[in-house]
Each structure stands twice: as C-alpha cells, then as structure tokens.
Enquirer: 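Let me begin by handing over the structure; questions about it come next.
Predicted model only: the values in this text are computed from it and were never measured. The figures that follow rest on heavy atoms only: side chains count, while hydrogens, waters and symmetry mates do not.
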Amino acid sequence: MRQRRETASAASKGSIGGEASEESSEGAESRTAVHFGNPRRSSFVWLALLLIIIYCCSSIYHYQFQSMPVPLAADEAGKRGFSEIEAFKHVKALTEVGPHPVGSEALHLAVQYVLTACQNIKKTALWEVDVEVDIFHAKSGANNLGSGLLSGRTLVYSDLNHVVVRILPKYVSEAREQSILVSSHIDTVFSTAGAGDCSSCVGVMLELARGISQWAHGFKRAAIFLFNTGEEEGLNGAHSFITQHPWSKTVRMAIDLEAMGIGGKSSIFQAGPHPWAAENFALVAKYPSGQVIAQDLFASGAIKSATDFQVYKEVAGLSGLDFAFLDNTAVYHTKNDKLELLKTGSLQHLGENMLAFLTHIGASSHIPEGNSTEAEEDIRKNSAIYFDILGMYMVVYRQKFANMLHNSVIMQSLLIWTTSLIMGGIPAVVSLALSFLSVLLMWVFALSFSFLVAFLLPFISSSPVPYVSSPLLVVGLFGAPAFLGALIGQHLGFLLLQKYLLNAHSKRRQLPIIIKAAVVKMEAERWLFKAGSFQWLILLILGNYFKIGSSYLALVWLVSPAFAYGFFEATLTSERLPKPLKLITLILGLATPILFSAGIFIRLAATLIGGMVRFDRNPGGTPEWLGGFVIAAFIASLLSLTLVYLLSYVHLSVCLGFALKEWRFVDVLVGKKKKSGLLFWRSEEGLVLRSVWSRGKDECGGAKKAIILATLMLFASSLAIVLSGVVPPFSEDIARAVNVVHVVDATGKPDEGQNPKSYLSLFSTTPGNLNKEVQEINESFVCGRDKTVDFVTFLVKYGCWAYNDTVSGWSEMDIPTMHVLSEAEGNGRITEVSIDTKGSIRWVLAINTEEIEDFELKDARDSEELISVGKKNGVDGWHIIQFSGGKNAPKLFDLTLYWRSGSTHKSDTPILKLRTDVDRLTPITERVLKKLPRWCSLFGKSTSPYTFAFLRNLYVNF
C-alpha cells in the first residue's frame, strides 16, 4: 500500500492542477490518498483566446483595407509612373469650386479646369502618342433603365457638357477601332463639394491619362477617358456618351471609377459579365482589392445605389470593372465629403493599380468583344468569382469552375454524412437532428436578444442610431447580447442532446454512471462542432443552387474546420470512447476562414453602420427601431454563423476536461465503507487514482461563467456610454443627414382652388426625431406626423415645418403650370397637356399609370421628341420622369397622355404630380441653414429636392 500511494503521489505532482486529499480509515488501516490531476479548460484561457481572435480579426481588417501605399511625388513616380501628389492637386482644385451640380456655374468652372488639364496632357505627351481632346455637348436624350434602383423611371437630360480624351499610338492604325473606356463624373450633388464622390476619381483619371500618354506608343488599342456630367442626376452622362458620341462605337471594355464614401482602398465591387477583365486585373494589379460579395449585395438591391457601369452593361452591352472608394460611407453626399478626410495613399492605391492594368490590357493582343450578345448565356455562366487575400493577392475563377468545386465538396460531404449516419443508426440521426436544433436555438436567441436591444434603444437613447459616429459601440450594444444569446441557445441544445445521449448509452453500454456522464458530454461536444459544418453545408448548397458568387465563404467555413476535425479528432471505430476536442482542432480549423473573411465581415458592418445616415428613404416611413434591427440582424447572423465552432468547446464542465487514455473502474475500500466511482488513469508515470464525482460542483462551468460575465460587462459599459451621452450619435465629421426645403405647395384639388401654401420643411433620412435640432435652430418649427409632404419621388411622413417669413424670396410667377390643351375621345381618350417649369431645369413628374397607359413628351420649342410612345413600367402605380439639364435646357414641354380603356376617372385622383427645384436660397432658408447644428448636414441625391421646391398637381377632373 505504501508503494502504491507513493507512485500515485509522484504522478499527481506532474499533473495539471494536482491535489491530494486524505480520507481516514478505521482500525489498522492508514489513510488512503485520492489524487486529482485534472487538466481543465481554464476560463482565463478562453477569455485570452477570444481576445486573440478579436485582435487577429481587427489586424486582418486593417491590413486588408486600411494599409495604404506611400504617396509618390512627380519626381519619384517619373514620367511613366503615377503620383498621388499630382492627382491630389486636381482633387483640391475641383473641391475649391464648391458644390457643382448639373446646371450650376460651378460645374462650368470644374469642366473648364478638367479641359485645361487634358490639353496640358496633350502638350506633354510622348511624340509617338496621339492625344485627342474633345469637349462634347450632349443633345437631349432619355434613359429608361429597366432594372435596379432606376426601374419605373425615365431619366431625361439636355444641354450636358463632357470632356473626352482619346490616347492612342500614332503608328497603329487599327487602334482607333478598338478602345478601352475609363469613366467617372465631374458633377456633384448640391450638398457637397465632392472630394470623394467623385473629384478623387477625376484626379486619378487626369494623372492616369498623363501617365498613359507616355506609355501608349506600345498599345494596340486606344484608351478613352470620359469625364462626364449628369451622373448624380441619373447616370445621364454615361448614357449620352454611349448613345451620341461617335467614339463610343469603338469601345470594347468599360472601367468605371466611383465613390460611396471617401478614400481608402478602391475595390472592385462589380465585374463582368465577361470574366476577362477581372482575371487580367488580378494578374497585374500591385495592390489588388475586390470582393464578389459586394457585387452580390449590389445585384440583390440591398445597396440602394446605381453607377454608370449599369449603363455600360445594359445599354452598350459592355463588360468591364466597376471600382469604388468605400471608406467612411457615412459622409456620402454630405458636407463631410471633404478633402480633409481623404486618407493619404488612397489615390496612389487606385492609380498604381489602374496604370498597371491599363498598360497590360492596352498592349494585349486580344480583348473579348464586349458588345457581343452571341454568347451571352455562356458569359453569364462563366462570370467571375473574385476576392482578395489581405490586399496582396487576388483569387479569380469562373462560375463554371465554382460549380464543379462546390458540387464536388457537397457530394463528398453528403457521402460522409450519409455513411456516418448509416453506421451510427437511429441514435446518430437523432443526435444530428438535436445538434442542428442547437444551431437553430443559437439563431433564435442571438436574434432575439439583439432585437430586444434594437427595439429599446429609441426609447432610452437620444437617437435610435447612437453608434453612427462610433461604430465600435455596436460590438457592445448588439454583439454582446447576440453572443450571449448564441451561447445560451447552443447550451440549451447541448442539454437536450446530452439527455438523449445519456438515455441511448444506458441501452448500449453497461458503464458506471459517472463514466457514462463524461462520455455523453464529450460526445455531445463533438456533435455540436459537427453541426457547425452541417450549417455551412446547407448554405453552400443554397449558394451553389442560386449561383451566388460569395458562396466561396461557405466553402471555406465548411472545409477548413471539417478537415481539422477529420485530421485530429475523427476515429474509424465506434468502440473507442470520445475525448474532449483538442484546442489545435479549433485553432487550425478557424485560421483559414478568419483569414479569408474577417476583413470582409468588418467592412460590411462598417458600410452598413454608415448607411444608417440615409436609411429612411421616406422620412418617417419606417419605425425608428428598424435601422437598429438591420444592424442587429447582421451582427447576430454573423456571430451565429462563425461562432458555432468556438462555442461548442465551452459547454463541458471543467471537471470533465481531462483526456481519456485508459479507463478502469474498481471498488476501493475506504475505511469500512466500499466506495464506487473511483477511476484509474494510465499515464507514463503509472496509475493515478482520480475521483471524478467527488470534486465540488462549484468548480464546474467556470469558463462559461467568466465569458458570460465579461460579455455582460461589455454590454453594460456600451449602454452606459450611450445613455450618458459621452459619445454623441453624430459629430461634425460624421453628420446627420437633413434637408431644409422652402416649399411652395400649389397641389390643391379643383374644388379647393389653387391658392399656394408656403412653408419651410425640415426632414431627415436618418432615423430619429428632430427635437434637438429644432431647439437649436429656434425658428418656430412644429414637428410631427400630422402633415405628410409628397415630394413626388418620396414622402415625408415625419418632419418639421414652419410658416413664419416664408412669403418672401418668390412670387406666383415662379409657380410651374400644367394646362390641358386638348381632349380627344376617338379610339381612346387622349389628352394634350402643356407643362411650363418657369425657369426650373431640374424637375420630376409622376404619371398615374392606373389611369394612363402610355405617354410621350416633347420639347415645345422645336417639337423634339424626348420620350416616345412605348411600353412604360411603373412602381406603386406611378411612372416617374426625372429631368435635369444645363442652363440652356428646355423649360416648356408638351405631354400627350393615352388613357387606359377601363379608367375609373376618379375626380379626387391626381393624374400628374409635378415638383420643380430651384437652386435658390430664400431669406428664411438662408437663416435656418446658418443655424443648422454642426452635427447636421444637407443631404443630396437625384430624387431629393434643392433648398427651394414648387409642388403642383393635375387632377382627372380638369
């Protein structure tokens, strides 16, 4: 007995967390030592692992999206290189003219600057290179895109001026017949000088054109640089070039440069339809950046925006690439799209990538016919799947290969699952079902907890979106509750699975109850881990079926953990008792998925948070909590998808955290009493006597308790920051989007007369009330939902309005008119209407498609047809005409309406709704804008009015 006790004691000293306990015996028996050598999953280890994972994710994001190249001066870049310093000079010059929307004098100055810069490029070009500069004046035209954000609208333009530069080798005659188009827009919205959107793009293009003018002698085709105007009013510049300019017929590929924020890395967010451009960009780009998931979101309509690239694809049938700056999306179209926020290195990043790409494809012997429709179906099937790894290397493969790869993985996974379920029988099937139930419970609890916070925030916070200026707050506000919910949900599934397995083992194996409990818990842990793979397998199957490009993320999150599990954990025999999952399985299983997706997920979250500034497209039309729900849903879904593997490790009690090497049960006489449940464990030191069940229950669950406590502390601290107002929802650099519009409303019904009503309207696309802003302005505003303002393209259901001092700055002569010229019944009712916009060169007209089947619009000056008779689609019963043009654009129009045969002719129904915008500040508007809080900014888009707008309706009963 002495020798046995010494051996056990020696072994216990070498074990982790070894303890010795003594029990007294009676009579001649001496003491029996019971040793614990229980290596356990320490709560500190888990907290440290979580912190390491968070740090790695943050580092990957910063390296992939925030690490910028060093800006080069002109002498450092050389004549053939790209210099950010030179490009920045162009950006600075363009922003100094201030906001320059279509029709403004400021836009004329900006166009003249670009024209002068292009003429200087022509003067300094290599003698073997021809540089042709054209100031292109676009005639009137109409753009009717059938899909996307602009569906249900006809975009009419007139009197637009663009600068077009063609650079080609002098001695390659066929170069004129094939061109590469590089395009961006000079114009901005009325609310910003547009340092990011898109003066930064124009600056890059000017410096790029200068560099290409030194390279193009080796080209086999021309490079066309289009500096267009009218993009912000509905992609009109691109449409007028494609439909009217003679050089457009030679274009074989289109590259569009855009910005949905300011600075950062300019990434590909749309490519195709042919994959050739993406493949060659990945081949030569110095700092490749692009994510197909952005393209998927854009195509789905989740991103409410449109770019010139849509025109090049749909109207011209071209393939190519669409790039965008995506940093700091909260400043998009606000006053904060300013030079000071343009990150150093941003222009260098885009410029060097584009220079390498253009010199490569310009000298290429072959470019696929971009406007060929013969193989359109084949091109769609071979669209590019692309993504970059840390901004260092870009992976590009075609949809056809993706189908083969995904199908192969899916079939192998299903084969493995089917085999294991057949071998395991009914218990395996039930275990899979219960483990997948734990995944569903993760989703339910994670979403529920985060939704609850999102719902309560508007009631307890000064803003429904208090995290816009400090995006990290969403980690505590939504991430912590979602994490806690995921943990609780999975643990409930774990308990259900454990209960079933305990019952199943009682029928299969005659094991002592303490061993059975240990085996069941470790088997349940493994099922939870495998359920994570099953979840990603389902997503891969769905993504592959619907041909979603970003399905590669499901592939990575499925294959890597499954491979790690198979390599370190899988066993070919069911007789071998399970062991706790190894930490190396988790680390190696998650390393690749985190590397591939951490940066992308953080970028998506940042973009989503920034988008809250303009979330409410019809102010007051959505509940205040809805924006928070969107953020909460994204965060909760992301955590439920990615933490399923990690959380499966934390459910085992700490007292079951030892490795099972060799089990044996014996009966040991302690004193005069016989005790069962004592366990022998064989190791190199010998047999060590352990007691599993005699450890205190208070030691179990330490990891979970520590994690839950840390999560609650994170949530509490974030909530305290929000409630205390230490970090405001908005700041001078991250402003709330508002609009201040002096409205003259002449929409009265015929029996009410047409006496205009004048008032000042204040509304915001950012969720939340305007009480604080109104108090700061102090101009007798009344806020509420009592007054709905119909701005034709959107409704203001919550806003503020003031009537004081609104009669000055305008006269009744400024109010647009709509007069019926003639009525004809014949084969159908036809109405001729005259529209006089009274000087406005930017207006929107809604036509009631429930009453009107078709229409045509003409310029009344020369009867030029602007919109011809043809099939018109509407949205919510209205077809929208948006018009914008230069100073010489027409202001008098003839509209012919063709009525539906079954028209109800309701007298209280408007048949036409007109809004005209005027770029003018009335005294009351100017006064309010000066008092506008520093955390607010005017917000502009193609559908929003200027600071002065007139409203007019025409009813069925003329």
Enquirer: Return the orientation label for the Trp843 and Phe883 ring planes: parallel under 30°, perpendicular over 60°, tilted otherwise.
Expert: parallel
Enquirer: Does NZ or CZ of Arg842 come closer than 6.0 Å to the centre of the six-membered ring of Tyr946, within 45° of the ring's axis?
Expert: yes
Enquirer: As a quick check of understanding, evaluate side-chain contact (heavy atoms from CB on, under 4.5 Å) for Leu770 and Arg736, giving each step before the final call.
Expert: CA-CA 10 Å; Leu770 291 163; Arg736 179 178 189 176; 3.7 Å; yes
Enquirer: Is it true that Ser191 and His333 share a donor-acceptor pair across their side chains at a distance under 3.5 Å?
Expert: no
Enquirer: Pair Asp814, Arg920 - check salt bridge (Lys or Arg N to Asp or Glu O under 4.0 Å), show working.
Expert: CA-CA 12 Å; Asp814 297 325; Arg920 184 197 310 170; 3.5 Å; yes
Enquirer: Thinking salt bridges, do Lys139 and Asp859 make one under a 4.0 Å N-O criterion?
Expert: no
Enquirer: Please check this pair: side chain of Ser840 against backbone of Asp917, looking for a donor-acceptor N/O pair closer than 3.5 Å.
Expert: yes
Enquirer: For Thr188 and Glu232, which heavy atoms make the closest approach, and how far apart are they?
Expert: C-CG, 3.8 Å
Enquirer: Just checking Glu812: does its CD atom have more than 12 heavy atoms from other residues, nucleotides or ligands closer to it than 6.0 angstrom?
Expert: no
Enquirer: For Ser942 and Glu233, run side-chain hydrogen bond (donor to acceptor under 3.5 Å, both in side chains): C-alpha distance rounded to whole Å, both residues' side-chain angles, the deciding distance at 0.1 Å, then the answer.
Expert: CA-CA 5 Å; Ser942 65; Glu233 297 298 336; 5.8 Å; no
Enquirer: Looking only at side-chain N and O atoms, does Thr793 offer a donor or acceptor that is under 3.5 Å from a partner on Arg915?
Expert: yes
Enquirer: Would you indicate whether the side-chain heavy atoms of Phe948 and Thr925 approach each other to under 4.5 Å?
Expert: no
Enquirer: Please say whether more than 12 non-hydrogen atoms of neighbouring residues, nucleotides or ligands are located less than 6.0 Å from NZ in Lys797.
Expert: no
Enquirer: Taking 4.0 angstrom as the limit, do Lys887 and Asp159 come out as a salt bridge?
Expert: no
Enquirer: Enter the distance from Ile830:CD1 to Glu823:CD here, rounded to the nearest 0.5 Å.
Expert: 10.0 Å
Enquirer: Quick one: which of Leu951, Asn953, Leu795 gives a side-chain contact (heavy atoms from CB on, under 4.5 Å) with Asp790?
Expert: Leu795
Enquirer: If you measure from CG on Leu608 to CG on Leu297, what distance do you get to the nearest 0.5 Å?
Expert: 9.5 Å
Enquirer: For side-chain contact (heavy atoms from CB on, under 4.5 Å), just list the numbers for Val91 and Leu339, CA-CA rounded to whole Å, side-chain angles, deciding distance to a tenth of an Å, and then say yes or no.
Expert: CA-CA 8 Å; Val91 181; Leu339 207 60; 3.5 Å; yes
Enquirer: Does the ring pair (Phe, Tyr, Trp, His ring centres under 6.0 Å) test come out yes or no for Phe298 and Phe309, once each step is laid out?
Expert: CA-CA 12 Å; Phe298 207 83; Phe309 193 66; 9.4 Å; no
Enquirer: Which pair of non-hydrogen atoms, one from Gly152 and one from Val875, has the smallest distance, and what is that distance?
Expert: CA-CG2, 3.9 Å
Enquirer: Once you round to the nearest 0.5 Å, how far does OG1 of Thr922 lie from CG of Leu760?
Expert: 6.5 Å
Enquirer: Calculate, to the nearest 0.5 Å, the distance between atoms CD1 and CG belonging to Ile835 and Leu895 respectively.
Expert: 5.0 Å
Enquirer: Classify the ring geometry between Phe950 and Trp810 as parallel (under 30°), tilted (30 to 60°) or perpendicular (over 60°).
Expert: perpendicular
Enquirer: Regarding Thr747 and Asp745, is there a side-chain donor-to-acceptor distance under 3.5 Å anywhere?
Expert: yes
Enquirer: I'd like to know whether Lys872 forms a side-chain contact (heavy atoms from CB on, under 4.5 Å) with Phe855, so could you lay out the CA-CA distance, the side-chain angles of the two residues, the decisive distance to 0.1 Å, and finally the verdict.
Expert: CA-CA 8 Å; Lys872 310 290 194 311; Phe855 61 87; 3.8 Å; yes
Enquirer: Does CG in Asp862 sit with more than 12 non-hydrogen atoms of other residues, nucleotides or ligands closer than 6.0 Å?
Expert: yes
Enquirer: In Å and rounded to the nearest 0.5 Å, what is the CZ to OG1 distance from Arg617 to Thr765?
Expert: 9.0 Å
Enquirer: Please report the C-alpha distance between Leu109 and His100 in whole Å, then the side-chain angles of each, then the deciding distance to 0.1 Å, and finally whether the side-chain contact (heavy atoms from CB on, under 4.5 Å) criterion is met.
Expert: CA-CA 9 Å; Leu109 295 176; His100 36 282; over 6 Å; no
Enquirer: Any idea which heavy atoms bring Gly196 and Ala259 closest together, and the distance?
Expert: O-CB, 3.1 Å
Enquirer: How about NZ on Lys304, more than 12 heavy atoms from neighbouring residues, nucleotides or ligands closer than 6.0 Å, or not?
Expert: no
Enquirer: Say whether Thr817 and Asp836, considering side chains only, have a donor N or O and an acceptor N or O under 3.5 Å apart.
Expert: no
Enquirer: Rounded to the nearest 0.5 Å, what separates atom CG in Leu932 from atom CG in Leu938?
Expert: 6.5 Å
Enquirer: Given side chains that start at C-beta, do those of Phe730 and Ser463 come closer than 4.5 Å, heavy atoms only?
Expert: yes
